[in-house]
Each structure stands twice: as structure tokens, then as C-alpha cells.
Number of protein chains: 2
Amino acid sequence: MPRRNGTGPFWWRGRFKGCGYRLTIPRKAIVDVLDKANKHLSAEDIYLSAHKVYPAIGLTTIYRTLELLVQMGVVFKFASGDGRARYQLSAGPKAVKYHHQLVCTTCGRVIDYADFIDKEKELFSQTEKGLSEKYNFKILNRLVRFYGLCDECSQQRTVTSHKLQVTSHQSPERSKDC
Amino acid sequence: MPRRNGTGPFWWRGRFKGCGYRLTIPRKAIVDVLDKANKHLSAEDIYLSAHKVYPAIGLTTIYRTLELLVQMGVVFKFASGDGRARYQLSAGPKAVKYHHQLVCTTCGRVIDYADFIDKEKELFSQTEKGLSEKYNFKILNRLVRFYGLCDECSQQRTVTSHKLQVTSHQSPERSKDC
DNA sequence: TTGATAATGAAAACCATTATCAATATACAC
DNA sequence: GTGTATATTGATAATGGTTTTCATTATCAA
């Protein structure tokens, strides 16, 4: 039986018509790309994939359609550290309602972790309920990001420190964090 | 008594010399701005403030110095949704080790919340310990961001829906999320 | 099929950030 | 203090992701 909000294979199609927007070939191509992807994509990623299916598509349409989809609540957009936004479907079987990352502030590396999430879930279900009520905010997605130093950069930092010690005229009482 | 890592009023000054970098007027001006700010700032914010103290300063120096400070671990940089990065001191009395935000995906509004943080702290202290060990990652800062619809946009969305219903030729079976 | 209008894509504009490079300021040796 | 090597600076240009513009095309209800 059909569900009220539509979460079946083409749950998003009804949204277009329902909102007074036309369901065109480029738009189908874009949502299809997002639907088939199992991770978040950049606008360019989406462009390249959609281009294979529908070569006439332009990058402008990608951005415009993505904005539309975000407004409709079909797509979730978030800022990744590299200057490019990432997009993913906000519902359906592939939808991920949360992101958990370790971000290295030195090299920019991003580690997506899946550990300890179960413990978090319990806490967040309470927190989200409280926040929703207090701020009357409808929470759809969650991002937990830890910033710091990855294994490699912690080590390199020490190396850099040594190198500086050799080439520099400065005082030797330097810390590890250079 | 002086502390080993330096967290006093000018804790960051030693870092420059310690790392073999010169402590110049522009650099002092930039850190002073960050030190006096009680929230995260964009590069332009910092430029405008530093410019008042030292008008000869250029935007280039702002970016360059910020990068340096991030590398030294003095400044924490993170992506805000609006395409501009934000910066803040990573230590000292004004330093904030965590950010908790509600981000509206429709209007872009950001609500910084301070509720429920105590409960989170307990959980995160465990999670951070586990992650640090597993990935050998030194966690310095934390970002918790909930995406969704703010109060106003939830309501506007309904209004838009009505408007569409009047001006559109489309089927009336539209959802609230347009 | 038609006609009003929504949607498209190429190109230009925009804006935050980065790279280039000649000029300047700094720290150290003397 | 003076000189010298070099780190630092800032104006300018370049970059790259995203948005705007505008003439053309596709869509849908009638």
C-alpha cells in the first residue's frame, strides 16, 4: 500500500508534481544519480555521472536542481571541509540520517567512523527531542565531527619540528605543535 | 608560575618563536582580534577588525597568518554553511572546545544552543577516548550540528504551499515540503 | 496541437581563497 | 649600531566552486 509521505522507490517523483514543479529528464537524471550513489556526492560528481546518462545536461542545471531538491526536503546538503558542498538523498533506502567524522586540521583527511554510534543514538534521541521542542526545530539530519590531528600528521609535526630546529635561527625551546 | 604549554594571556606568543616564526605587527594584530572576539570570525571579519588597528594590513596576510596559526594549533578553523570558513582561538580563556548548532536547511539560519551539553559531555568523553585509541587521532575540537527546518521555515513552507495551490496549474495533491 | 510558462544550458559574473612577486621588515652576526 | 640573509608583507592576478543572466527549448493543461 502506498504510504502517505511516499518513501517507495520513486518517492521523490510525487514531490515534484506535488510542489508544482515539472519532472524533466535532467531532473530525473540527477535524482537517479543520487539514488544510485551510496555516499554523499559533490555537484561535480553528480554532473559527471548525470552527463553519462544525459550528455546535454549542464552544470548549471545540476546546481539549480540541487537547490530545488534541498528546498523540497528531498536532498540533504552539507559543507565538507574541502570547499565543495556534498549532497545526498534525505530519505529512501540509501538515506543516511547522520554523519560521523574525524577531520584532520593539518592534512584535511576525513575519516568516516561508525564506531560508538549506537551509544550516541540513545543520547541523541533524547537531545533531539528536547531541542525540537525548545526551538520548534524539525531535525532531519545530524553531523558529528571531531577535529584534530590524524596519526600521520601527529608524527610529521614532530619531524617538521626537527627540520625547523636545523634551519632556523630561533630559540630551541619549541613545542611539538609547529 | 608559568605553565609548560603556555595558556596565560599571551600563551600564543611563545608558539611563534618556538616554531621559528617571527612575531610581527600584522600577526599580533590578527591574534589580538581573535583573542578579543567572543565568537568565531570569518577571514573578512578579522580583516576588518585588524584593519582598524593596523590599516596597512592586507587580506592576503590574514589568510596566510590564519593558515599558519591553524598549522601551529593556535587557531581552530571550521566550515560554516555559508561558504566562508570560521576561525577562533583553540586555547585560552575564550576558547570553545565544542560547537553545537541547529542549522536550517531552508533559510540557512544557525542557532547555537547550549542545552543538553552536559549530558553530551559525558558520552563524548567516552567516545573521544575510544576514537583516539582506535584511530590514533588527537581530538582537539568537536562539532555537533543538527540540520532541519527552523520554526519560521516550517510555517512559511505551508504558506508557500497555499500560494502554489492558487497560482499553479498542477495537481492539488501537494505535500507540505515544497 | 497550442500557448503560457517553467526549465534549460552557455557564458559571464561572483566571491572566497590562493599563488605570484617585488618591496619591506626582522633577527642575528659582527 | 651596522650589515646581511631571509622571513614576511601586500598589491595584483589567478583559481575554483557556485550563481546569475538571458535567449532558447521543453513541458503540461486545455
Side-chain angles (χ1 to χ4, degrees), chain A residues 13 16-31 41-48 50-51 54-72 75 77-87 108 163-164 166-172 178, chain B residues 13 16-31 41-48 50-51 54-72 77-87 108 163-174 178:
Chain A
R13 293 203 173 176
F16 274 97
K17 288 205 167 184
C19 294
Y21 300 122
R22 293 174 182 172
L23 185 49
T24 62
I25 296 167
R27 287 176 177 172
K28 266 185 231 163
I30 290 167
V31 186
L41 299 174
S42 69
E44 197 189 356
D45 292 336
I46 296 165
Y47 172 68
L48 292 173
H51 192 266
Y54 184 70
I57 204 166
L59 190 53
T60 310
T61 300
I62 306 292
Y63 280 108
R64 222 166 0 204
T65 303
L66 285 170
E67 195 193 342
L68 198 64
L69 290 164
V70 168
Q71 292 301 313
M72 289 195 296
V75 160
K77 169 186 179 178
F78 67 100
S80 76
D82 66 359
R84 269 171 290 180
R86 296 301 147 92
Y87 304 84
K163 202 159 66 182
L164 273 170
V166 173
T167 60
S168 162
H169 298 287
Q170 311 304 319
S171 137
C178 292
Chain B
R13 293 203 174 176
F16 274 96
K17 288 204 166 187
C19 294
Y21 300 122
R22 294 175 181 171
L23 186 49
T24 63
I25 296 166
R27 286 175 178 173
K28 266 184 229 163
I30 290 167
V31 186
L41 300 173
S42 69
E44 197 189 356
D45 292 336
I46 296 165
Y47 171 68
L48 292 173
H51 191 268
Y54 184 71
I57 203 166
L59 190 51
T60 310
T61 301
I62 306 291
Y63 279 108
R64 220 167 3 206
T65 303
L66 285 170
E67 195 194 342
L68 199 63
L69 290 165
V70 168
Q71 292 302 311
M72 290 194 295
K77 169 185 179 180
F78 67 99
S80 76
D82 65 0
R84 269 171 289 182
R86 296 300 146 93
Y87 303 84
K163 203 159 67 182
L164 273 171
Q165 204 153 9
V166 172
T167 59
S168 162
H169 297 287
Q170 311 306 317
S171 134
E173 53 149 348
R174 71 191 80 260
C178 292

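Just so it is clear: chains get the letters A, B, ... in the order the sequence lines come, proteins before strands, and each one is counted from 1.
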Is there any protein nitrogen or oxygen under 3.5 Å from a nitrogen or oxygen in nucleotides 17-19 of chain C, and what are the pairs?
from: C/dT17; atom 1: OP1; to: B/Ala85; atom 2: N; distance (Å): 2.8
from: C/dT17; atom 1: OP2; to: B/Tyr63; atom 2: OH; distance (Å): 2.3
from: C/dT17; atom 1: O5'; to: B/Tyr63; atom 2: OH; distance (Å): 3.3

Next item on the list: Side-chain contact test, heavy atoms from C-beta onward, threshold under 4.5 Å: evaluate it for B/Arg13 versus B/Lys28 and give yes or no.
Entry: yes

Item checked: Inter-residue atom distance B/Ile57.CD1 - B/Ile30.CD1, 0.5 Å rounding -> 4.0 Å

Checklist line | Which nucleotide in C/dA6, D/dT9, C/dG9 has an atom nearest any side-chain atom of A/Arg22 | finding: C/dA6

Note to self: Is the phosphate of D/dT9 approached by B/Thr61 (side-chain N or O, under 4.0 Å from OP1 or OP2)?
What the structure shows: no

Margin query: Using whole Å, what does the distance between atom C1' of nucleotide C/dA25 and atom OH of B/Tyr21 come to?
Written below: 18 Å

Check: Could you state the CD1-P distance from B/Ile57 to C/dA25, rounded to the nearest angstrom?
Finding: 14 Å

Notebook entry, point to check: Given atom CG of B/Leu23 and atom C1' of D/dT9, what is their separation to the nearest angstrom?
Noted result: 15 Å

Next item on the list: Rounded to the nearest angstrom, tell me the gap between atom CZ in B/Arg27 and atom P in D/dG10.
Entry: 11 Å

Note to self: Show the nearest heavy-atom pair for residues A/Ser80 and B/Ala79, with the distance to one decimal.
What the structure shows: O-CB, 4.4 Å

Note to self: If I take atom OH in residue B/Tyr54 and atom P in nucleotide C/dT24, what distance separates them, rounded to the nearest angstrom?
What the structure shows: 12 Å

Item checked: B/Leu66 CG - C/dA16 P separation (whole Å) -> 15 Å

Next item on the list: Using the test side chain to side chain contact (heavy atoms under 4.5 Å, CB included), find all partners of B/Arg27 that sit at least two apart in sequence or belong to another chain.
Entry: B/Phe16, B/Tyr21, B/Arg22, B/Thr24, B/Thr65, B/Leu68

Next item on the list: State which residues pass side chain to side chain contact (heavy atoms under 4.5 Å, CB included) with A/Glu44; sequence neighbours excluded, sorted by chain then number.
Entry: A/Ser42, A/Leu48, A/Arg84

Checklist line | Set of residues satisfying side-chain hydrogen bond (donor to acceptor under 3.5 Å, both in side chains) with respect to A/Arg64, sequence neighbours excluded | finding: none

Item checked: Separation of D/dC28 C1' from A/Lys17 NZ (nearest whole Å) -> 8 Å

Next item on the list: For DNA chain D, produce a single dot-bracket line, 5' to 3'. Pairs: Watson-Crick or G-U wobble, both distances under 3.5 Å. Symbols: ( ) within strand, [ ] crossing, | other strand, . unpaired.
Entry: ||||||||||||||||||||||||||||||

Margin query: Once side chain to side chain contact (heavy atoms under 4.5 Å, CB included) is applied, do any residues pair with B/Ala43, and if so which ones, sequence neighbours excluded?
Written below: B/Ile62, B/Tyr63, B/Leu66, B/Tyr87

Checklist line | For atom CD1 of A/Ile62 and atom C1' of C/dG9, their distance in whole Å | finding: 11 Å

